[in-house]
Amino acid sequence: MADTSAGSSTVRDNILRLARKLPAAPHIFGRLGLLLGNMNADLDNIVRLVAVDSGLTGRVIRMSNSVFYRGDEPVRSLDEAVNRVGFREMHKLVGVAMSEQLFQGGLPVYNLSAEEMWENSVVTALAMEHVARAVGEDEGEAYTLGLLRPVGKLVLDMLLEVEHPGVSCPDSDTVELPKWERAWADITSNEAGAMILEEWKMPEPMHSGVRHHYSPDTDNRMAALLHVACWITHQLGKGIKAEARQWDLTADVLARAGLSEEAVKGCLGETQEALASLKDRLKAA
């Protein structure tokens, strides 16, 4: 197990070192969300940002050629893709492509396949979009947070594969995941994710939201909204089994999120519909 005498600075250094080995896609996606929050955003800036990652660019162009978006002529460039689908829809397409690229190897230590990770990330993002809309929070920022939430698990998976070959998280809904992570890595995936998002210069509510969303006992509404979104994801059968014990819609969580039980049920239905629509679009790509 982890050497608990290791200094916190060493743990942080290891986490950030591994995060720098990730594809550029998540960093690009996070910056894109901030850029699109500016109504005066320049098309050239958006195109230049996405074009940094050629793999991401190819995926986005392919998705833009779905019959859902495509006009009389095929999309051949990012400029055409943005003009065809619009800024907001482009943010979603980049996010979906980013998640597909980021989790393509799955998380072996957590016993999670690429498809399971992709679905968990995307469904949580869709749920975040709807709960944020219900309380008047920024939907784009919430969507971004939902997609990037598992990045700490991804990096911890990389760390543990190297430092403890063969270790495997119990595939059970009774595991206390934070305790298991801390025992092996001297840090939790939520703490690691918060470090990474802070390093990527994401807004404070986002990295604080990831850090505290299992037990949102702070005044950070994003943490409470993310907790609710993860509960919705779990209800839709796309949750991570080892996290099952973390989600509980208590009166306190709902109050911190600014949501009623009825509103959450409405968001659950909307998320389910949004997922079905997204899958239809991707099938046509």
Side-chain angles (χ1 to χ4, degrees), residues 22-23 25-37 50 56 59-60 63 85-104 107 112 114-135 137-154 189-190 193-194 196-197 200 202-203 205-207 209-210 213 221-240 243 246-247 257 259 264 266-282:
L22 296 176
H27 198 176
I28 290 170
F29 176 63
R31 290 174 59 194
L32 179 65
L34 299 177
L35 184 61
L36 293 181
V50 178
L56 187 64
R59 283 174 167 86
V60 169
M63 291 179 183
V85 307
F87 282 8
R88 290 296 173 187
E89 195 66 20
M90 177 55 60
H91 183 224
K92 287 191 178 181
L93 287 185
V94 171
V96 168
M98 178 276 296
S99 185
E100 180 184 79
Q101 179 184 20
L102 192 62
F103 300 115
Q104 61 185 340
L107 271 65
L112 294 165
E115 182 179 4
E116 288 171 326
M117 283 309 304
W118 181 85
E119 287 191 328
N120 179 264
S121 173
V122 169
V123 175
T124 304
L126 293 172
M128 277 295 283
E129 183 179 38
H130 288 96
V131 296
R133 181 182 304 162
V135 298
E137 291 287 348
D138 186 281
E139 296 171 33
E141 185 174 301
Y143 185 86
T144 299
L145 180 56
L147 273 180
L148 295 180
R149 180 190 85 94
V151 73
K153 286 184 179 60
L154 177 62
S189 57
N190 291 342
I196 295 165
L197 294 186
W200 289 346
M202 295 291 105
M206 291 181 67
H207 54 80
V210 165
H213 75 286
R221 178 183 264 184
M222 275 297 186
L225 291 175
L226 189 54
H227 185 102
V228 174
C230 290
W231 180 89
I232 289 174
T233 301
H234 183 71
Q235 295 301 305
L236 293 176
K238 305 301 181 184
I240 295 172
E243 289 185 320
Q246 305 302 325
W247 316 128
L259 290 162
V264 173
C267 291
L268 190 154
E270 291 167 353
T271 301
Q272 190 169 29
E273 291 174 5
L275 177 61
S277 175
L278 175 62
K279 286 189 171 183
D280 285 342
R281 297 180 198 185
L282 295 180

Flag side-chain contact, heavy atom, 4.5 Å: Gln246 against Cys230: no
Closest heavy-atom pair and its distance - Ile232, Val131: CD1-CG1, 4.0 Å
Is the shortest heavy-atom distance from the side chain of Met117 to the side chain of Pro150 under 4.5 Å? yes
Give, for atom CG of Leu226 and atom CE of Met206, the distance between the pair rounded to the nearest 0.5 Å. 9.5 Å
Please tabulate, one pair per line, all N/O donor-acceptor pairs under 3.5 Å involving side-chain atoms of residues 119-128, not counting sequence neighbours.
| residue | atom | partner | partner atom | Å |
| --- | --- | --- | --- | --- |
| Glu119 | OE1 | Lys238 | NZ | 3.1 |
| Glu119 | OE2 | Lys238 | NZ | 3.4 |
| Glu119 | OE2 | Lys279 | NZ | 3.0 |
| Asn120 | OD1 | Arg149 | NH2 | 3.3 |
| Asn120 | ND2 | Lys238 | O | 3.0 |
| Ser121 | OG | Ser99 | OG | 3.2 |
| Ser121 | OG | Leu147 | O | 3.0 |
| Thr124 | OG1 | Asn120 | O | 2.7 |
| Thr124 | OG1 | Thr233 | OG1 | 3.1 |

Identify, with sequence neighbours excluded, every residue that meets side chain to side chain donor-acceptor pair (under 3.5 Å) alongside Glu139. Arg133
Can you find a heavy atom in the side chain of Trp231 that is under 4.5 Å from one in the side chain of Val264? yes
If you round to the nearest 0.5 Å, how far is CG of Leu275 from CD of Glu270? 13.5 Å
Here the gap from Leu107 atom CG to Glu116 atom CD, rounded to the nearest 0.5 Å, amounts to 10.0 Å
When rounded to the nearest 0.5 angstrom, what distance separates NE2 in His207 from CG in Leu148? 13.0 Å
Can you tell if the side chain of Phe29 reaches within under 4.5 Å of the side chain of Trp200, non-hydrogen atoms only? no
Can you tell me how far apart NZ (Lys92) and CG (Leu278) are? Round to the nearest 0.5 Å. 8.0 Å
Over all heavy atoms of both residues, which pair between Gln101 and Pro23 is shortest? Give the atoms and the distance, please. NE2-CB, 3.9 Å
Between Trp247 and His213 (judged by ring centroids, cut-off 6.0 Å), do the two rings come close enough to count as a pair? yes
Judged by atom type as modelled, is there a donor-acceptor pair below 3.5 Å linking the side chain of Thr271 to the main-chain atoms of Cys267? yes
One should read off an interatomic distance between His130 NE2 and Leu225 CG, to the nearest 0.5 angstrom, of 13.5 Å
Report the residues that fulfil ring-ring contact (aromatic ring centres under 6.0 Å, His included) with Trp118, sequence neighbours left out, ordered by chain and then residue number. none
Would you say that Lys153 contacts Ile240 through its side chain, given a criterion of any heavy-atom pair below 4.5 Å between the two side chains? yes
